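Reviewing the structure listed below.
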Amino acid sequence: MTSWKSFRKEPIRGRRKSISSGIPSLTSEQRTDFSFTGFDENLLDVSEVMIEQAVGYFGVPLGLAGPFTIDGREIRIPMATEEPSVVAAASFAGRLLSKHGGINTQSTEPVMVAQVFLEGKLNPSSTEKVLNARNSIKEHLQRTLESMESRGGGWRDISARWIAPSRTLSVNIQIDVRDSMGANLLNSVAEKVSPILERITGGKVLMAILSNKSWDRTASARLSIPIDEFGGAGFNGKETARRIVRAARIAREDPDRAITHNKGIMNGISALALATGNDTRAIEASVHAYAARYGHYHALSQYWVEENTLHGSLELPLPFAVTGGAVGFHPSSRWCLDQLGNPDGPGLSRIAAALGLAQNLAALRALVCEGIQKGHMNFHARRLAYKAGARGDCISAFATVICSENIRSYEEASQRFTSWTEQVDVET
Ligand code: MEV
């Protein structure tokens with residue numbers, strides 16, 4: 001008989017067996033017969049090697065949004081998301097913008113920071129000791145950075161800062177991490193350099209870790225669209241563009257609105273991050289901190305009208321990788337990178353910036369024209385149809401019934417589904 005104590009040490013299939021029958025403390029609701037859940041055997045193995053105590057994997061829908069034209073190239077963007085209408089909205093903007101030259105992007109070099117914090121017998125002038133030893137610190141890291149240097153990345157710079165309130169010396173080492181997210185390398189750099197920093201400063205290392213700030217690793221996107229193309233819900237193009245510009249301005253001035261505005265941008269970016277196996281939390285943490293870099297939280301995008309053209313731009317830190325961790329290792333991630341034409345790290349971050357801007361434009365347009373609930377109703381109807389029992393082709397057909405009869409609740413949908421299937425059976 002299995003216990004929770006030995007659960008951790010079992011292989012994934014053993015853990016699954018334990019959950020269905022082996023652990024006595026589980027209630028009948030918690031027991032699951034995994035044989036009914038149709039898990040893919042290969043993905044079980046992938047899950048087993050990706051995390052500890054895996055018992056399965058969570059299937060999030062994967063969409064292929066687009067077409068987008070980004071820097072003159074037509075692509076479709078894989079997006080993994082649980083939120084209805086995100087893929088449809090991005091595709092709407094992608095299609096519209098593609099008719100007018102698409103989205104243009106830029107990115108910086110992928111430079112990240114490893115941090116070491118020292119305490120003990122230190123003072124503000126300890127910073128100078130670190131800077132004076134710059135060359136020997138760099139030399140000390142040669143072996144650790146060899147492979148990254150051979151790929152064009154590696155050492156960039158070092159800085160030191162005295163944190164007065166806690167009397168701490170913070171040392172930041174800048175590393176170009178090329179196509180990787182960089183977490184492993186940066187953590188190795190931080191740990192490797194710790195003893196030498198102790199010798200140089202006379203302090204003691206408290207901790208050594210990368211910084212997820214990533215502000216030296218930004219990507220930006222820019223769009224332009226003739227305003228005549230842009231009307232909706234009774235508003236002409238000029239008025240729609242004016243409303244979008246105003247909505248974006250409000251999001252720069254009102255932090256409460258900015259949070260939702262930026263969340264909409266991240267609907268696209270996080271979905272691409274998840275689809276490609278990237279670290280969604282690292283990206284989100286960095287982006288939201290960037291949005292508050294002037295002391296108050298504000299919108300990351302801007303819109304303006306010039307000579308009958310609506311312009312939009314977005315700039316944000318995007319530590320996207322195309323290798324390392326789950327990226328390229330998870331079979332879905334590999335497939336998604338193939339769909340994108342296997343960009344390099346900065347290339348993927350530029351696609352992410354373009355997607356974020358497209359997602360934002362679609363959200364703002366919907367918000368200031370018809371409102372977003374209208375678009376959501378159709379998805380709600382499809383979910384209701386599924387919950388009521390519809391499967392396969394019946395989902396769309398029954399969702400149409402739900403919409404046309406304005407069915408709102410599960411109970412109503414479920415009752416109606418019974419009579420609807422009887423009626424369909426008679427007709428066929
Ligand atoms: C919903 O997930 C995203 C929006 O709220 C974004 C926005 O308000 O800009 C529609």
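Read the numbers this way: they start at 1 and go in the same order the structure lists the ligands and their atoms. Values in this document were obtained by computation on a predicted structure and should not be read as measured data.
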Inset, instruction - Considering heavy atoms of the protein only, find what lies nearest to atom 2 (O) of ligand 1 and give residue, atom and distance to 0.1 Å. - result: Glu83 OE2, 2.6 Å

Inset, instruction - Could you find the nearest protein heavy atom to atom 9 (O) of ligand 1 and give me its residue, atom name and distance? - result: Arg257 NH2, 2.8 Å

Inset, instruction - For His261, counting its heavy atoms only, list the atoms of ligand 1 lying under 4.0 Å from any of them. - result: 9 (O)

Legend entry - Selected option - heavy-atom contact closest to atom 4 (C) of ligand 1, from Gly264, Ala366, Ala362: Gly264

Inset, instruction - Hey, can you tell me if Phe7 and Trp4 have their rings parallel, tilted or perpendicular (30° and 60° cut-offs)? - result: perpendicular

Inset, instruction - Could you find the nearest protein heavy atom to atom 5 (O) of ligand 1 and give me its residue, atom name and distance? - result: Thr260 CG2, 3.5 Å

Legend entry - Arg243 to Phe235 six-membered ring, cation-pi geometry met (6.0 Å, 45°): yes

Legend entry - Pairing of Arg151 and Glu146 as salt bridge, 4.0 angstrom limit: no

Inset, instruction - Would you please classify the geometry between the Phe417 ring and the Phe398 ring as parallel, tilted or perpendicular, with 30° and 60° separating the classes? - result: perpendicular

Inset, instruction - Would you please classify the geometry between the Trp304 ring and the His311 ring as parallel, tilted or perpendicular, with 30° and 60° separating the classes? - result: parallel

Inset, instruction - Note the single closest protein heavy atom to atom 3 (C) of ligand 1, along with its residue, its atom name and the distance in Å. - result: Asn267 ND2, 3.5 Å

Inset, instruction - Find all atoms of ligand 1 within a distance of less than 4.0 Å from any non-hydrogen atom belonging to Leu367, and give their numbers and elements. - result: 7 (C), 8 (O), 9 (O)

Legend entry - Given Leu348, Val327, Ile351, the one that forms side-chain contact (heavy atoms from CB on, under 4.5 Å) with Phe320: Leu348

Inset, instruction - Please work out whether any backbone atom (N, CA, C, O) or any side-chain heavy atom from C-beta onward of Asn360 is under 4.0 Å from ligand 1, and answer side chain, backbone, both or neither. - result: neither

